[in-house]
4 protein chains.
Amino acid sequence: MRSENGTSGQKSRSFIEEARRAQIVAAAIEVIAEAGYGQASLARIAKHAGISKGVISYHFAGKDELMEEVVERTYGGIAEHVMARMEGLTTATELLRAYVLAVAEHMRGHRAQLAALGEIFHNFRDADGKPRYGVHTSEQIYQTLEHFYRMGQESGEFRDFDVRVMAVTQSAAIDNMFAYWAAHPEHDLDAHANELADLFERACRA
Amino acid sequence: MRSENGTSGQKSRSFIEEARRAQIVAAAIEVIAEAGYGQASLARIAKHAGISKGVISYHFAGKDELMEEVVERTYGGIAEHVMARMEGLTTATELLRAYVLAVAEHMRGHRAQLAALGEIFHNFRDADGKPRYGVHTSEQIYQTLEHFYRMGQESGEFRDFDVRVMAVTQSAAIDNMFAYWAAHPEHDLDAHANELADLFERACRA
Amino acid sequence: MRSENGTSGQKSRSFIEEARRAQIVAAAIEVIAEAGYGQASLARIAKHAGISKGVISYHFAGKDELMEEVVERTYGGIAEHVMARMEGLTTATELLRAYVLAVAEHMRGHRAQLAALGEIFHNFRDADGKPRYGVHTSEQIYQTLEHFYRMGQESGEFRDFDVRVMAVTQSAAIDNMFAYWAAHPEHDLDAHANELADLFERACRA
Amino acid sequence: MRSENGTSGQKSRSFIEEARRAQIVAAAIEVIAEAGYGQASLARIAKHAGISKGVISYHFAGKDELMEEVVERTYGGIAEHVMARMEGLTTATELLRAYVLAVAEHMRGHRAQLAALGEIFHNFRDADGKPRYGVHTSEQIYQTLEHFYRMGQESGEFRDFDVRVMAVTQSAAIDNMFAYWAAHPEHDLDAHANELADLFERACRA
DNA sequence: GATGAATGAGCGTTCATTCAT
DNA sequence: TATGAATGAACGCTCATTCAT
């Protein structure tokens, strides 16, 4: 998302600054994934990163900003990979299958990110106590899926169904596939993803 | 220590003891649902219940036991209702549809329980830092669903598919239906449940 | 200020609660007087009182409430004593002299309170960064003094002068008398007070 | 270490060094005046000056030295102006009136300096916890005033009074005039100063 | 000369738990 | 049974200072 434009006038972070932020984000991901959001104190993250506690405060405005950056970077990585895998596909059936498989493929190599993302989504709250992320944050994903469903319905590939329910369900199915895999590391993620693709193809098709 | 049961080995509780525990559990559910697990301190729960903080410590060994009782009681309520609704049904298709609808029906009247359950599942960890509940805790639900799937596959109602993936998916679909409903209270829960029943019927059938 | 009415329905603090608050306030006064507002951390106050840091948080909503209680109790003590000493006096000249001498008399036995009050006045700020106390807090004192000046001007005892300037000046003269005394403990406070009374009598009289 | 003066033993500073120090002192004055001593962190002062935090540490041995320089420069400015205004005057009455008016005249144009000076006086403490400035620091001012009082007493202009009490009082009266003005910017400082001059003339005269 | 990065101690506050009454 | 008092550890965060570049 951040510009790598050499001619732009926008200020950019120094190399060392960027490296530190990345290091801290990585440490945060590992600690959150392992110990859970509630135990992921700045002290613990700093210790895991091998740095002083104050360094985090120096590079991030606060814990909130750190959490947001974890989400941002992780999401960015997923989106980038999935977009690439879906490029050039045209039918709704193909797109949906590619979507499921691409997310699974990417996550297979980023298990901790996955767990951390879930922890943050379920726990991170604003100062006013409202969840910072959550179902309402998934709106973008829902709309993307709904777009594919409508494509399929208009092309005749898919039957008539409630696209919102289908989007919520498919999104949940994918999320839980990862949760199950996280709890059962020997579970065959790719096979699961293929089963899911079949499942939703059958659930959608005319 | 506090009671001795004359006819059996299992310990029993006095009426007043039982009432206090129920009151505290109810307060805990409301606080967790509203403020989240992280903000649900014993002080806050006690205040919400209109009792002294020490009472909780008196009736429960610790916060952990309280959380476990919240889960136990909530789960018990769901199971009781769902079992009743499924009684007498014989085909896998019927059983699965009844399952989805019964859970939805029960939860419609217990929104706070639902939210609290989710918070606890996602946050409660043992002293060693491992999640106390989670995907592995759902094993019983998975096996129940798998039992139905196999019934359907043997009777010819259902096609051949990976029953574990289907169970994980259907379970997730139901959980997320509630999460979505919690975030969008105007959402039509019963319609969603019916859509889900259709969806999985199509996904399963031969 | 707090009612000691036995029949009133208003809730009152328990004896032990009141004692702890008084103890903490006393410790705060001593620490602030000795080390200054900036060094008067809750940890230091607690250590001085021989209690755990958490006790202060238990009995006071926060540091701000503690500081306000210090001011309240100290001010109350001064006002009570000065009022008693001025009772029955009628001429402006008498009232002003009694005022100066009574404040000095009271403060002679409460040196630490005096110093703490000054520290808090000069340093305690609201969350928004504005001074919590300060010149504007002295308004009540100014108006009391102005009332006496006007009495003297109307009775012909005093010449015509700007009562606000005189009030600000006399108030400052008294405050600084204490500050000087605090820095020079061997200084004769009563003699100073008498000189001040003479000084302002000459400055005011017709 | 950074310079060697050819003609005297006293160390001198380069032009750029001097400019930097002046810039930092000016920024410190503004921040202290606005936010108070307690909030005047080096980071905040540096940001206000538009420089890096380390620059302050480079030019000053520490925060203490910076504070001392603020006081020194501010005091120097006042003294310079007051001395000029008193030059050529001979009677004690004239000198005292000129003193009060000159200080007021100068401060009218240096409100932030005034506020900063007060903040530092009331808060700045040595490493051992003792106030760095305070009543005892005013000794020089007291002695100057006392010198004038004695002149007046010897010439017969003034009555017999305790010169120390008068000096402390007049000094406090002037300080508080500024404090009042700082809190009530619409207050007429010059009129106040004239009232003060009258007041002390009457308080002193034979 | 100047900088930004890093440190570590200390801050006010929250909290689960213990305990005497 | 029930309470409120007390504890002590941990939390996120701020800060003056140090230092390599």
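On a predicted model such as this, the values are computed, not experimentally measured, just so you know. We name chains A, B, ... by the order of the sequence lines, and we start the count at 1 in each one.
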Neighbour count above 12 (heavy atom, 6.0 Å) for E68(D) CD: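 For E68(D), atom CD is crowded (more than 12 foreign heavy atoms under 6.0 Å).
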Could you tell me how far apart [X] ([atom1]) and [N] ([atom2]) are, to the nearest whole angstrom?
X: Q39(B); N: dT14(E); atom1: CD; atom2: P; answer: 11 Å
X: L42(B); N: dT17(E); atom1: CG; atom2: P; answer: 6 Å
X: E17(A); N: dA6(E); atom1: CD; atom2: C1'; answer: 12 Å
X: I16(A); N: dT3(E); atom1: CD1; atom2: P; answer: 17 Å
X: R20(C); N: dT7(F); atom1: CZ; atom2: P; answer: 6 Å
X: Y37(D); N: dC15(F); atom1: OH; atom2: C1'; answer: 13 Å
X: F15(A); N: dT21(F); atom1: CZ; atom2: P; answer: 15 Å

For residues 40-51 of chain D, run the donor-acceptor check on the side chains, cut-off 3.5 Å, and write out each pair with its distance to 0.1 Å, sequence neighbours left out.
from	atom 1	to	atom 2	distance (Å)
S41(D)	OG	R44(D)	N	3.2
H48(D)	NE2	E30(D)	OE1	2.6

Check: Y58(B) and R20(B) side chains under 4.5 Å, non-hydrogen atoms: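 A side-chain contact is absent here, since even the closest heavy-atom pair is not under 4.5 Å.
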With a 4.5 Å limit on heavy-atom distance, are the side chains of I32(C) and M67(C) in contact?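 I32(C) reaches M67(C) side chain to side chain.
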Positions of residues 44-67 of chain A (non-hydrogen atom under 4.0 Å from DNA chain F), listed by number: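 Per residue number, the list reads K53(A), S57(A), G62(A), K63(A).
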Show me the pairs that pass salt bridge (charged side-chain N to carboxylate O under 4.0 Å, His left out) and involve residues 113-122 of chain D, at least two apart or across chains.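 The answer is R125(C)-E119(D).
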Qualifying residues under side chain to side chain contact (heavy atoms under 4.5 Å, CB included), relative to R73(D), sequence neighbours excluded: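 Listed in chain order: E18(D), R21(D), A22(D), V25(D), E69(D).
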So which one's nearest nucleotide on DNA chain F is more toward 5', A40(D) or S41(A)?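 The 5'-side residue here is S41(A).
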Minimum-distance pair of heavy atoms, taken over all atoms of A28(B) and V70(B):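 Smallest heavy-atom distance, with atoms named: CB-CG2, 4.0 Å.
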Taking the side chain from D126(A) and the backbone from D128(A), do they hold a donor-acceptor pair closer than 3.5 Å?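 Answer holds: no.
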For DNA chain E, which ranges pair as stems of 3 or more consecutive Watson-Crick or G-U pairs, with both donor-acceptor distances under 3.5 Å?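 The stems that DNA chain E takes part in, listed by first number, are E:2-21 with F:2-21.
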My understanding is that only residues two or more places apart in sequence, or in another chain, count here; which of them pass ring pair (Phe, Tyr, Trp, His ring centres under 6.0 Å) with H59(A)?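 If we apply the ring pair (Phe, Tyr, Trp, His ring centres under 6.0 Å) test to H59(A), skipping adjacent residues, there are no hits.
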